[in-house]
Amino acid sequence: MGVLNLTPDSFSDGGRFTAPESALAQAHRMVAEGADIIDIGAESTRPYGSEPIPADEELSRLRPVLPEVVSLGVPVSIDSMKAAVVAWALDHGAVVANDVWGLQRDPGMAGLVAERQVPVIVMHNRDSADPAIDIMQDIAAFFARSLDIAAQAGVSPGKIVLDPGIGFGKTPEQSMTVLARLEELQSFGLPLLVGASRKRFISVASPSEPQQRLGGSIAAHLIAAKAGARIIRAHDVAETVQALRVAAAIGEQR
Ligand code: HH2
């Protein structure tokens, strides 16, 4: 899954793809590099320094870009926590809903994805990190709540992808714990998505600015794939695809 941020303030690529032409060129490039899904976001979710924006603003960023990306022919997912924005994106060709609040923030989200019968990414999140909690237990309890909400709204379990939300409401150490223990989340019997790309935990193990975290991102993504993650969300598509393909090819020689 290639990341396309139409935002001025995303933590690693804010402002790079706010012009529709550069966004479209980036989408094109990620498809050529091997992305199977393009995830479009128009509101930054970074914990510090991002501005919450109204749905109108999010839509005005998406309007000139999303339908054009859809026309490239690759499945598009919409990264938004607002049901109104997801509804608009689905109307304009997006085919996956990516909710960084796991159906637990906007009360209209579960009903929407049930009605449209689209796959939904249910991501774990918390308002703030708490180093004292057992993060794996917290994630499991959160997923159980999300699955309950989904079931009550009539979302088919076959449409749900779970994502532990690397870097969201977690200390860097907890993000690493999640990657180290990802296999435990297989017990839900649902496909897993992991997005570690350029995130801050990398700089704890290896001090670096977001743009310099490609090696760390790849290390984390290979570990996630080995533990069974089926979808990897990344900014640097060519390098990530190559790393995953080589790791898979080596795996086949066992
Ligand atoms: N991470 C980010 C945004 N959306 N969605 C899912 N499902 N999983 C993730 O790990 C995830 C996500 C944060 O990365 P980015 O989009 O680059 O940053 P920003 O939120 O600042 O735009």
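Order of appearance sets the numbers: ligands from 1, and atoms from 1 within every ligand. FYI, side chains are in, hydrogens and waters are out, and symmetry mates aren't considered; it's all heavy atoms of this structure. Each residue takes its place number in the sequence, starting with 1.
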Can you pull out the closest protein heavy atom to [atom]? Residue, atom name and distance to 0.1 Å, please.
atom	answer
atom 21 (O) of ligand 1	Ser44 OG, 2.7 Å
atom 17 (O) of ligand 1	His235 NE2, 2.7 Å
atom 22 (O) of ligand 1	Ser10 OG, 2.4 Å
atom 16 (O) of ligand 1	Arg233 NH2, 2.9 Å
atom 5 (N) of ligand 1	Asn98 ND2, 3.1 Å
atom 9 (C) of ligand 1	Lys199 NZ, 3.5 Å
atom 8 (N) of ligand 1	Asp163 OD2, 2.6 Å

Answer yes or no: is there an ion pair linking Asp56 with Arg61, defined by an N-O contact shorter than 4.0 Å? no

Residues which pass side-chain hydrogen bond (donor to acceptor under 3.5 Å, both in side chains) with Arg245, listed by chain and number, not counting sequence neighbours: none

Could you tell me whether Arg29 atom CZ has more than 12 heavy atoms of other residues or ligands within 6.0 Å of it? no

Counting only heavy atoms from other residues, nucleotides and ligands, does the tally under 6.0 Å from NE2 of His92 exceed 12? yes

Using a 4.0 Å cut-off to any heavy atom of Val100, which atoms of ligand 1 qualify? 4 (N), 5 (N), 12 (C)

Using only heavy-atom distances, determine whether the side chains of [X] and [Y] contain a donor-acceptor pair under 3.5 Å.
X	Y	result
Gln211	Ser12	no
His221	Thr240	no
Asp39	Ser77	yes
Thr7	Glu43	no

Can you find an N/O atom of [X] closer than 3.5 Å to an N/O atom of ligand 1?
X	answer
Asp79	yes
Asn5	yes
Ile121	no
Asp13	no

Is ligand 1 less than 4.0 angstrom away from at least one heavy atom of Arg198? no

Counting only heavy atoms, which portion of Asp39 has something under 4.0 Å from ligand 1: side chain, backbone, both, or neither? neither

Would you kindly specify which portion of Thr45 sits under 4.0 Å from ligand 1, judged on non-hydrogen atoms: side chain, backbone, both or neither? both

Are side-chain heavy atoms of Leu4 and Met30 found at a separation under 4.5 Å? yes

Ile133 side chain reached by Ile135 side chain, heavy atoms, under 4.5 Å: yes

